[in-house]
Amino acid sequence: MKCALVTGGSRGIGKAICLKMAAMGYYVLVNYKSNVVEAENTLAQIKQAGGNGELLAFNVADREQIKEVVQGWINNNESADIEVLVNNAGIRDDSFMVWLKDEQWDSVIKTSLDSFFYVTRLVLEEMMLNRFGRIINVVSLSGIKGLPGQTNYSAAKSGVIGATKALAQEVGRSGITVNAVAPGFIKTDMTDGLDEKELRRNIPVNRFGLPEEVAHAVGFLASKEASYITGEVLSINGGLYT
Ligand code: NAP
């Protein structure tokens, strides 16, 4: 059984990636933190489209939960291979740095940067043994150029970009590629409160992107045909200057 693990698969970009992975023939492990209704909805849509998968609830900001749930799943499913890992779960909690609280710094760093390390390390060994794997990290424009009010988020995403490039060099010989996609403004719950009419004036294609447009790029990077692309950061931002 060939599997794709997608963190934060219950909503937004992660949900679209789950559907894309299912369409590519993967058994999809749909991770979520607390929104079981939306996670079940993602799984139902996977099944409606003729795919299959299961839910895997864990908080990516909690390394003990990651070890327990992900390692537990691997131990209980010895015949299954996690071929694709998409580190997508992320949160933002914006504030100018002068007012940024310890908890805001910690939660955003843990959710994006620490989770990259704790989840990826668990699936790497099997990928190395199989001499094939695809790791795709969902970062952000904010991690490339830095955005005011997002020192925590920019630092987390920038950290993942550095780790993507380093890990790509460690595991290239094992047939594993490690890439990142960096969305700009995508229509999800995360950008729900933003003023698209105002912000789109700076975006050359003049609109926010759709989760499916990010999922398409992730699908490409996950494909066998993308085997000579690694350590890359692909911007998906409608031409927004980075
Ligand atoms: P979203 O609509 O807010 O969905 C977030 C998803 O992540 C949900 O499935 C949520 O699960 C899950 N999640 C959050 N914290 C988690 C945790 N601690 N453990 C496990 N799952 C967790 O977000 P989105 O816009 O799709 O963003 C997805 C990724 O793209 C994030 O990494 C984000 O930083 C990045 N990104 C988004 C944009 C954008 O414009 N939307 C731009 C650049 C980058 P629950 O449903 O259980 O809460």
Undergrad: How long is the straight-line distance from CG of Leu147 back to OG of Ser140, given to the nearest 0.5 Å?
TA: 6.5 Å
Undergrad: Taking side chain to side chain donor-acceptor pair (under 3.5 Å) as the test, write out the residues that go with Tyr26, two or more places apart.
TA: Glu83
Undergrad: May I ask whether Val139 and Phe116 are part of the same hydrophobic cluster, defined by side-chain heavy atoms of I, L, V, M, F, W, Y residues being less than 4.5 angstrom apart, directly or through others?
TA: yes
Undergrad: Tell me whether Leu124 is reachable from Ile136 by hopping between hydrophobic residues (I, L, V, M, F, W, Y) whose side-chain heavy atoms are closer than 4.5 Å.
TA: no
Undergrad: Is there a donor-acceptor pair closer than 3.5 Å between any side-chain N or O of Ser174 and the backbone N or O of Ile176?
TA: no
Undergrad: Are the side chain of Glu54 and the backbone of Leu29 linked by a donor-acceptor contact shorter than 3.5 Å?
TA: no
Undergrad: In terms of hydrophobic clustering (I, L, V, M, F, W, Y; side-chain heavy atoms under 4.5 Å; direct or indirect links), are Leu85 and Val181 co-clustered?
TA: no
Undergrad: Give me the atom names and distance for the closest heavy-atom approach of Ile91 to Met190.
TA: CA-CE, 3.8 Å
Undergrad: Evaluate the side chain to side chain contact (heavy atoms under 4.5 Å, CB included) criterion for residues Asp81 and Met1: first the C-alpha distance (whole Å), next the side-chain angles of each, then the deciding distance (0.1 Å), finally the verdict.
TA: CA-CA 6 Å; Asp81 294 325; Met1 190 165 69; over 6 Å; no
Undergrad: Any luck finding a side-chain donor-acceptor pair between Asn137 and Thr164 under 3.5 Å?
TA: yes
Undergrad: Do we see a donor-acceptor contact under 3.5 Å between the side chains of Gln71 and Asn75?
TA: yes
Undergrad: Which heavy atom in Ala182 sits nearest to a heavy atom in Ile144, and how many Å separate them?
TA: CB-CD1, 3.7 Å
Undergrad: Looking only at non-hydrogen atoms, find the nearest pair between Ile66 and Asn59 and report the distance.
TA: CG1-O, 4.0 Å
Undergrad: Could you tabulate the donor-acceptor pairs under 3.5 Å formed by side-chain atoms of residues 199-216, not counting sequence neighbours?
TA:
residue	atom	partner	partner atom	Å
Arg201	NH2	Glu198	OE1	2.7
Arg201	NH2	Glu198	OE2	2.8
Arg207	NH1	Glu213	OE1	3.1
Arg207	NH2	Glu213	OE2	2.8
Glu213	OE1	Leu210	N	2.8

Undergrad: Considering only residues two or more places apart or on different chains, which pairs with a residue in residues 121-172 satisfy ring-ring contact (aromatic ring centres under 6.0 Å, His included)?
TA: none
Undergrad: List the atom pairs, donor and acceptor, that lie under 3.5 Å between side-chain atoms in residues 220-227 and the rest of the protein, sequence neighbours left out.
TA:
residue	atom	partner	partner atom	Å
Ser223	OG	Phe220	O	2.6
Ser223	OG	Ala226	N	3.4
Ser227	OG	Lys224	O	3.3

Undergrad: Does a side-chain heavy-atom distance below 4.5 Å link Ile13 with Pro183?
TA: yes
Undergrad: Between Glu126 and Ile74, what is the shortest heavy-atom contact and its length?
TA: OE2-CG2, 4.3 Å
Undergrad: The criterion is salt bridge (charged side-chain N to carboxylate O under 4.0 Å, His left out); which residues satisfy it with Asp189, sequence neighbours excluded?
TA: Arg11
Undergrad: Tell me every residue that passes side chain to side chain contact (heavy atoms under 4.5 Å, CB included) with Ser10, counting only those two or more places apart in sequence or in another chain.
TA: Tyr32, Glu38, Ala39
Undergrad: Answer yes or no: is there a donor N or O on one side and an acceptor on the other, between the side chain of Asn41 and the main chain of Val37, under 3.5 Å?
TA: no
Undergrad: What are the two closest heavy atoms between Gln45 and Lys15, and how far apart are they?
TA: NE2-NZ, 3.1 Å
Undergrad: For Leu240, does its backbone N or O pair with a side-chain atom of Asn237 as donor and acceptor, under 3.5 Å?
TA: yes
Undergrad: Between Ile161 and Ile186, is there a shared hydrophobic cluster once you connect ILVMFWY residues whose side-chain heavy atoms come closer than 4.5 Å?
TA: no
Undergrad: I would like to know whether Glu64 and Lys67 meet side chain to side chain contact (heavy atoms under 4.5 Å, CB included); could you show each step before the answer?
TA: CA-CA 5 Å; Glu64 295 310 323; Lys67 285 177 194 166; 4.2 Å; yes
Undergrad: Does atom CE (Met97) have a neighbourhood of more than 12 heavy atoms from anything else shown, all under 6.0 Å?
TA: no
Undergrad: Under the rule for side chain to side chain contact (heavy atoms under 4.5 Å, CB included), what residues qualify as partners of Gln169, not counting sequence neighbours?
TA: none
Undergrad: Scan the side chains in residues 99-108 for donor-acceptor partners under 3.5 Å anywhere in the protein, sequence neighbours excluded, and list what turns up.
TA:
residue	atom	partner	partner atom	Å
Gln104	OE1	Lys101	N	2.8
Gln104	NE2	Asp93	OD1	3.0
Ser107	OG	Glu103	O	3.0

Undergrad: Please assess Val28 against Asn52 for the test side chain to side chain contact (heavy atoms under 4.5 Å, CB included), listing each intermediate value before the final yes or no.
TA: CA-CA 6 Å; Val28 187; Asn52 205 0; over 6 Å; no
Undergrad: According to side chain to side chain donor-acceptor pair (under 3.5 Å), who are the partners of Ser142, at least two apart in sequence or on a separate chain?
TA: Gln150, Ser154
Undergrad: Short question: side chain of Asn179, backbone of Glu232 - any donor-acceptor pair under 3.5 Å?
TA: yes
Undergrad: When you measure from the side chain of Asn88 to the backbone of Gly9, do you find a donor-acceptor pair of N or O atoms at a distance under 3.5 Å?
TA: no
Undergrad: Test side chain to side chain contact (heavy atoms under 4.5 Å, CB included) on Leu5 and Val84 and set out the steps.
TA: CA-CA 6 Å; Leu5 168 58; Val84 180; over 6 Å; no
Undergrad: Say whether, by atom type as modelled, one donor and one acceptor occur between the side chain of Asn31 and the main chain of Leu55 under 3.5 angstrom.
TA: no
Undergrad: With the 4.5 Å side-chain cut-off for hydrophobic clustering, are Val218 and Val233 part of the same group?
TA: no
Undergrad: Quick one: pull up CG in Leu113 and CG in Asn152 and give me the separation to the nearest 0.5 Å.
TA: 12.0 Å
Undergrad: Can you check whether Asn87 reaches Val119 side chain to side chain, under 4.5 Å on heavy atoms?
TA: yes
Undergrad: Do Lys157 side-chain atoms and Val138 backbone N/O form a donor-acceptor pair below 3.5 Å?
TA: yes
Undergrad: Are side-chain heavy atoms of Phe58 and Ser115 found at a separation under 4.5 Å?
TA: no
Undergrad: Rounded to the nearest 0.5 Å, how far apart are CZ of Arg173 and CZ of Arg131?
TA: 10.0 Å
Undergrad: With no hydrogens and no angle check, is any side-chain donor or acceptor of Thr120 less than 3.5 Å from a backbone partner on Phe117?
TA: no
Undergrad: With sequence neighbours excluded, what pairs up with Glu170 under the side chain to side chain contact (heavy atoms under 4.5 Å, CB included) test?
TA: Leu167
Undergrad: Listed by chain and number, what are the salt bridge (charged side-chain N to carboxylate O under 4.0 Å, His left out) partners of Glu196, not counting sequence neighbours?
TA: Lys187
Undergrad: Take Arg92 and Asp94 through the test salt bridge (Lys or Arg N to Asp or Glu O under 4.0 Å) and record every step on the way to the result.
TA: CA-CA 6 Å; Arg92 67 182 180 91; Asp94 302 349; 2.5 Å; yes
Undergrad: So how far is it from Leu43 CG to Gln48 CD, rounded to the nearest 0.5 Å?
TA: 10.5 Å
Undergrad: Can you list everything that forms a side chain to side chain contact (heavy atoms under 4.5 Å, CB included) with Asp114? Sequence neighbours excluded, please.
TA: Ile109, Lys110, Tyr118
Undergrad: Are Lys33 and Val60 packed together at the side-chain level, in the sense that at least one heavy-atom pair is separated by less than 4.5 angstrom?
TA: no
Undergrad: Would you find a donor on one side and an acceptor on the other, under 3.5 Å apart, between the side chain of Ser158 and the backbone of Gly143?
TA: yes
Undergrad: Do you know which two heavy atoms are closest between Val6 and Met21, and how far apart they sit?
TA: CG2-CG, 4.3 Å
